[in-house]
Amino acid sequence: MSAVGHGGTPAILVMAKAPRPGTVKTRLHPLLGPQRCAELQAELIRHTMAVTTAHTPRTYLAYAPDDGKDAISTAVPAGVRLLSQRGEDLGQRLAAAVIDAFADGAGPLLVIGTDAPTLTADHLSAAFTALQHHDVALGPALDGGYYLLGLRAPHTILFALDPQVWSTDRVLAATRALADGEGLSMGMLRPLRDLDTPEDAAALLTDPALPRPIAALLQPEERP
């Protein structure tokens, strides 16, 4: 199936949790503790928004939970359009945010999180280029998920995974299977590492592409 253009504004949709201690980056708690994980989440949001807003004329941030708007706005530049996430699982929340963005005139649309700290403008450019020739652009994460999903149209079927599949190493394969089942052409991007576990932190600290403010927060706090 050939890609069909969508006459909207090229845009990026960022999905993010408010940086509250105890609710974010929980798998890094043994390394960093809840407070430092919240500081890390805030810095990841700031970094991601800086990369996206410099690259595209329109950026959305879909935040959770519902009362997290004030906490997240401090890390968001002016001009970013805020959306409240809604839905019972990640797939439902992604689908709802994508529908909201396309209804607002976005398209093509890149959907990303804040967990890939080595994401650069080059990756975003590659995704928009892929969408000139494909229905979907997919950026694989090394853990079996994906760090980016690009759409020319709101193909929300791609988020209709079993809720138990989300946050497993089967997300990428399951998403590709859904795309194949719908006859959607797919362009693949270079893989990146997500930052979820102490092992990810150790690997990323050896990567010269890791931004310094994030690297500083990944150092364990000195304890008395």
Side-chain angles (χ1 to χ4, degrees), residues 1-18 44-66 68-69 72-73 75-87 89-116 119-141 145-161 166 171 175 178-179 182-189 192:
M1 179 183 295
S2 61
V4 178
H6 187 95
T9 300
I12 300 174
L13 167 64
V14 181
M15 305 287 289
K17 288 183 180 179
L44 287 167
I45 294 170
R46 279 191 289 269
H47 170 72
T48 303
M49 302 313 294
V51 173
T52 56
T53 54
H55 187 79
T56 186
R58 184 180 298 179
T59 299
Y60 298 88
L61 188 142
Y63 61 88
D66 286 344
K69 184 175 182 179
I72 214 160
S73 355
V76 176
V80 171
R81 304 186 183 201
L82 294 177
L83 304 170
S84 177
Q85 293 186 26
R86 62 186 194 277
D89 60 53
L90 180 56
Q92 292 179 10
R93 296 196 297 271
L94 282 162
V98 164
I99 289 170
D100 287 347
F102 273 98
D104 192 46
L109 181 71
L110 307 185
V111 185
I112 64 173
T114 59
D115 292 339
L119 178 77
T120 66
D122 288 343
H123 298 100
L124 302 177
S125 293
F128 278 121
T129 298
L131 289 175
Q132 294 175 13
H133 311 285
H134 299 281
D135 300 303
V136 180
L138 196 59
Y146 57 80
Y147 65 86
L148 181 151
L149 181 70
L151 298 166
R152 291 178 65 91
H155 300 297
T156 54
I157 185 65
L158 298 180
F159 306 120
L161 304 183
W166 291 107
V171 170
T175 303
L178 286 173
E182 292 296 307
L184 300 173
S185 64
M186 182 171 291
M188 299 297 291
L189 308 177
L192 287 177

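It should be emphasised that the depicted structure is a prediction, and the values quoted were computed from it without experimental measurement. By convention here, the first residue in the shown sequence is residue 1.
Checked against side chain to side chain contact (heavy atoms under 4.5 Å, CB included), H47 has the following partners two or more places apart in sequence or in another chain: V51, P211, I214. Not counting sequence neighbours, the partners of L178 by the side chain to side chain contact (heavy atoms under 4.5 Å, CB included) test are L158, L161. Listed by chain and number, the residues in a side chain to side chain donor-acceptor pair (under 3.5 Å) with S73 amount to none (sequence neighbours excluded). With sequence neighbours excluded, the residues forming a side chain to side chain contact (heavy atoms under 4.5 Å, CB included) with S84 are Y63, D66, listed by chain and number. Every residue two or more places apart in sequence or in another chain that forms a salt bridge (Lys or Arg N to Asp or Glu O under 4.0 Å) with D104 is listed here: R58, R81. For A75, the side chain to side chain contact (heavy atoms under 4.5 Å, CB included) partners two or more places apart in sequence, or in a different chain, are I45, R46.
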Run the side-chain donor-acceptor check on residues 90-103: report pairs under 3.5 Å with partners two or more places apart or on a different chain.
unit_1	atom_1	unit_2	atom_2	d
Q92	OE1	E88	N	2.7
R93	NE	Q85	OE1	3.0
D100	OD1	R86	NH1	3.4
D100	OD1	R86	NH2	3.2
D100	OD2	R86	NH1	2.6

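Looking at every heavy atom in both residues, P57 comes nearest to T9 through CG-CG2, 3.9 Å. In terms of heavy atoms, L119 sits closest to L124 at CD2-CD2, 4.2 Å. Between G8 and P10, the shortest heavy-atom contact is O-CD, 3.8 Å. The two residues F159 and W166 have their closest heavy-atom pair at O-CZ2, 3.5 Å. Closest approach of A127 and L148 over heavy atoms only: CB-CD2, 3.7 Å. Nearest heavy-atom pair across L131 and L110 is CD1-CD2, 3.8 Å.
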Dump the intermediate steps for side-chain contact (heavy atoms from CB on, under 4.5 Å) on V14 and M49, then the final yes or no. CA-CA 8 Å; V14 181; M49 302 313 294; 4.0 Å; yes

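Checked against L13 for a side-chain contact (heavy atoms from CB on, under 4.5 Å), the options L109, L149, L61 give a single hit: L109.
Remark: D115 CG to K17 NZ distance equals 9.5 Å, nearest 0.5 Å. To the nearest 0.5 Å, atom NE2 of residue H134 and atom CZ of residue R152 are 10.5 Å apart. Expressed to the nearest 0.5 Å, how far CG of L184 lies from CG of D135 amounts to 5.0 Å. In this structure, OG1 on T48 lies 10.0 Å from CD1 on I12, to the nearest 0.5 angstrom.
Using cut-offs of 30° and 60° for the angle between ring planes, the H55 and F128 rings count as parallel.
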